[in-house]
Number of protein chains: 4
Amino acid sequence: MPRAVRERQMLDAAVRTFARHGYRAASMDRIAELAGVSKPLVYLYLHSKDELFTACIRREAGALVAAVRAGVEPGLPADRQLWDGLTAFFTHTAENPDGWSVLHSQARTHGEPFAAEVAAMRAEITAFVNHLIGDAARAARCDPHLADREVAGLGEALVGAAESLAAWANDTPGVTARDAAATLMNFAWPGLENLMKGERWSASAGFRPPAGSARTPGPPAP
Amino acid sequence: MPRAVRERQMLDAAVRTFARHGYRAASMDRIAELAGVSKPLVYLYLHSKDELFTACIRREAGALVAAVRAGVEPGLPADRQLWDGLTAFFTHTAENPDGWSVLHSQARTHGEPFAAEVAAMRAEITAFVNHLIGDAARAARCDPHLADREVAGLGEALVGAAESLAAWANDTPGVTARDAAATLMNFAWPGLENLMKGERWSASAGFRPPAGSARTPGPPAP
Amino acid sequence: MPRAVRERQMLDAAVRTFARHGYRAASMDRIAELAGVSKPLVYLYLHSKDELFTACIRREAGALVAAVRAGVEPGLPADRQLWDGLTAFFTHTAENPDGWSVLHSQARTHGEPFAAEVAAMRAEITAFVNHLIGDAARAARCDPHLADREVAGLGEALVGAAESLAAWANDTPGVTARDAAATLMNFAWPGLENLMKGERWSASAGFRPPAGSARTPGPPAP
Amino acid sequence: MPRAVRERQMLDAAVRTFARHGYRAASMDRIAELAGVSKPLVYLYLHSKDELFTACIRREAGALVAAVRAGVEPGLPADRQLWDGLTAFFTHTAENPDGWSVLHSQARTHGEPFAAEVAAMRAEITAFVNHLIGDAARAARCDPHLADREVAGLGEALVGAAESLAAWANDTPGVTARDAAATLMNFAWPGLENLMKGERWSASAGFRPPAGSARTPGPPAP
DNA sequence: CATGAATGAGATTTCATTCAT
DNA sequence: TATGAATGAAATCTCATTCAT
């Protein structure tokens, strides 16, 4: 059996095991058994548990980024691209729950070497979103003044909301995936649109955050 | 030294160790050493690694919920309560990054007994947020169409976004609790405001989700 | 509370715990808890686990020997004394199963210091039995030629048969304690009687053990 | 080195260690060291201390039953078979004192899973003895009154006595297998012979159990 | 007289990793 | 290419025992 095939089997088994049990609780024995090969062969190809984990992260990160890229058509309007990109993202993570778990839950909770690997992927996606928002802003002839960091924060918020909704939809009878998606768009879209136009909540109609409260200092002045 | 004091030292050490290394990688030896006691004493007071972890989760969850409650004044308008609550939340998670990491990253990736513990806390916070959104909608007197279930979904989305942002703010140098709170308000408030007015994204200006894409079915027709 | 009472509580708890769990599996914690006192008090009175175990053995051995002695009236004929002694023995062990377990099962499987303690008691009972048989033999004007070792072997056999029958009677519906006792006497009495008369099986009617078989060498010639 | 050989080494070491120190006091470290292998290898092959102990019991029980079976020639008269069986039994236990100690002393004092294992072997031997006694009774053609249950009781008594004597012979220097066998035959044969003739102790010459003693109720009236 | 507080030592068990073939 | 055989190191947890009060 050719090496490439064997390696893919091993990575499949590893991703699944790491996702289900976590990095530490996943044993090389189990992975080798699940892959249908002997343990020394895993070491021959992947060298160590750390390298195996890193290989998993890299493969899953690459697949996710590729899926998002493939879902987006560059020529289309920015809002359409965003919708397509988000949909591709959620579709891919839904179809590869183990891979997503490795990236999102496992890699980030096990120290620098692995977190850095995910950070690279994250930067790629953030840049993509940033680009889109910038395009949209330019098309609307606004200067959104969105720092990379702010974009990253929005990405975090969006992903967090989406994950939370996915779990909620799964646990609440009668709530469909489409309900969840619609809720998310209703929830998030107006805010994103505002930000693309350079508008922020603290400047919005009527509300003024309390300036002097010790317990709850107001947001940065607009 | 009295038992209560020792126990607090142990829990402090455990929270820190669990947050930094994860549940599995955190060894009882290290925790005991960090607490300045011998390992048997940890077992005498906390009985097992599982129970120690559970005790950490419970303590941190209780502290977080208490902090949010303390930050909110019940009589104030709902939007003000939301801002205060978010600020208190991000402030607490920023001041207790290890505690938050235990709740958000560690407890949820290590099986049912622990995840359930966090789910209980989460339900409490979600209920609080739902209450706020419901109040605000009622105060706006303009939306007869916001079903309980939709409110619940929005609460989930908001809490999920907040959780995700809290972790991100802790991991990203230079991001303050106020930054996080402002980001979340910018992100979420316009959508909530729209919904309270009965407006929804899918009906908003001009945009129509692509109808024919296999991978990306459109939102429910308005 | 006077020391003697406390000590008895401790020994009671210890005998029970040692009998139920074995010497090693019985923990001083459990014993102290069962006795209703704190662990340091157990150490203050009984000094160590070994000494505690030894004290248990001594107390139970003493009680057993006393029970047998009390059951026998010296003036009576030897056969009556034997019957009384056996009955007292079985009555006592049935009423003190934990004590008997400590003597018979636990003490003999945990190394020299404890086994020696039991051996002393054993010697006392063996001497008593030996004496009885000797008396009976003398009364019958025979020379039984029973070595101490042979008497000890008979004791072993009798006790082993009795234990086995006791368990069997407990596990077989419809078999009463009296049935078991009768079976034992029917089984053992003729042999003992023979031995008191100096007769042995190998000399008995007709049967001759095979002399030359390699696999099954015959018994010592009479 | 092939697995089967290693396993035998480990079982040898384990039987010896369990016999000498008891189940709890025998440490896996010592067993591994005595077997000349590392501890993980013991776990790789035998899985746990419990399973290792069970494996010891099963192996020793099988060997003992095989030895007794091999010592008996089915065609011979029942009394000869009994003598042969006993001799084989005492010879085997004398040659394998550690194995016998594991079966007789250790396995029966450490809870159900192990005791049951021994009970199975014991049942096999008891059945064999019962068969013999039944045959002998039938051959003697003289006792219509020996019920199955009485035969079973006699088997239990005989086996119990033999077990007890085997341990005693092993622990007492100078007592050979033949001594033990002869002692047991001297002890048990006259009674068995009597019973086969329909005679019972309680009917025997002159002796009447004391009628009125509270502690020592007499045997069933003849 | 009695105990709450504390620990050194050692138990079973698992795991990542290597070597000889 | 592939594996059966083997292990050093470290994990969780328990226990007999002591001291200050």
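Nothing here was measured: the structure is a model prediction, and the numbers come from that model. A, B, ... follow the sequence lines: proteins, then strands. Residue 1 opens every chain.
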**Report entry** 5'-to-3' dot-bracket of DNA chain E (Watson-Crick, G-U; under 3.5 angstrom; crossing pairs as [ ]; | other strand)
**Finding:** .||||||||||||||||||||
Report summary line: Heavy-atom contacts, protein to nucleotides 14-21 of chain E, under 4.0 Å, summarised as B (base), S (sugar-phosphate only) or - (none) per nt, yield BBSBBB--
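Within the 4.5 Å cutoff, the side chain of A/His104 has heavy atoms near those of the A/Arg108 side chain. Here the side chains of B/Ile31 and B/Phe18 are in contact, with some heavy-atom distance below 4.5 Å. C/Phe114 is not listed as a side-chain neighbour of C/Gln106, based on a closest heavy-atom distance of 4.5 Å or more. Taking 4.5 Å as the limit, some side-chain heavy atom of D/Met10 sits within range of a side-chain heavy atom of D/Leu41.
The ring-ring contact (aromatic ring centres under 6.0 Å, His included) check on A/His110 picks up A/Tyr23, with sequence neighbours excluded.
In this structure, CG of A/Leu44 is placed 11 Å from C1' of F/dT3, rounded to the nearest angstrom. For the pair D/Leu52 CG and E/dA11 C1', the interatomic distance rounds to 15 Å; values are reported in whole Å. Remark: C1' of F/dT14 and CD of B/Glu51 are 15 Å apart, rounded to the nearest angstrom. When the C1' atom of E/dG8 is taken as reference, atom CD of B/Glu33 falls 15 Å away, rounded to whole Å. E/dT12 atom C1' lies 16 Å from atom CG of D/Leu41, rounded to whole Å. Counting to the nearest Å, the P atom of F/dA5 and the CD atom of D/Glu7 are 10 Å from each other. Atoms OH (C/Tyr45) and C1' (F/dA16) sit 20 Å apart, rounded to a whole Å. In this structure, C/Met10 atom CE and E/dC1 atom P are separated by 11 Å, rounded to whole Å.
When B/Val15, B/Thr54, B/Leu64 are each tested for a side-chain contact (heavy atoms from CB on, under 4.5 Å) with B/Arg59, only one passes: B/Val15. Partner C/Trp100 forms a side-chain hydrogen bond (donor to acceptor under 3.5 Å, both in side chains) with one of C/His92, C/Glu163, C/Glu60, C/Glu95 and no other, that one being C/Glu163.
Here the side chain of B/Met1 is nearest to one of F/dA6, E/dA6, E/dA2, namely E/dA6.
The heavy-atom pair separating A/Ala55 from A/Leu46 by the smallest distance is CB-CD1, 4.2 Å. Looking at every heavy atom in both residues, D/Pro97 comes nearest to D/Asn170 through CA-ND2, 3.6 Å.
Phosphate proximity of F/dG4 to D/Arg3: absent, as no side-chain N or O sits under 4.0 Å from OP1 or OP2.
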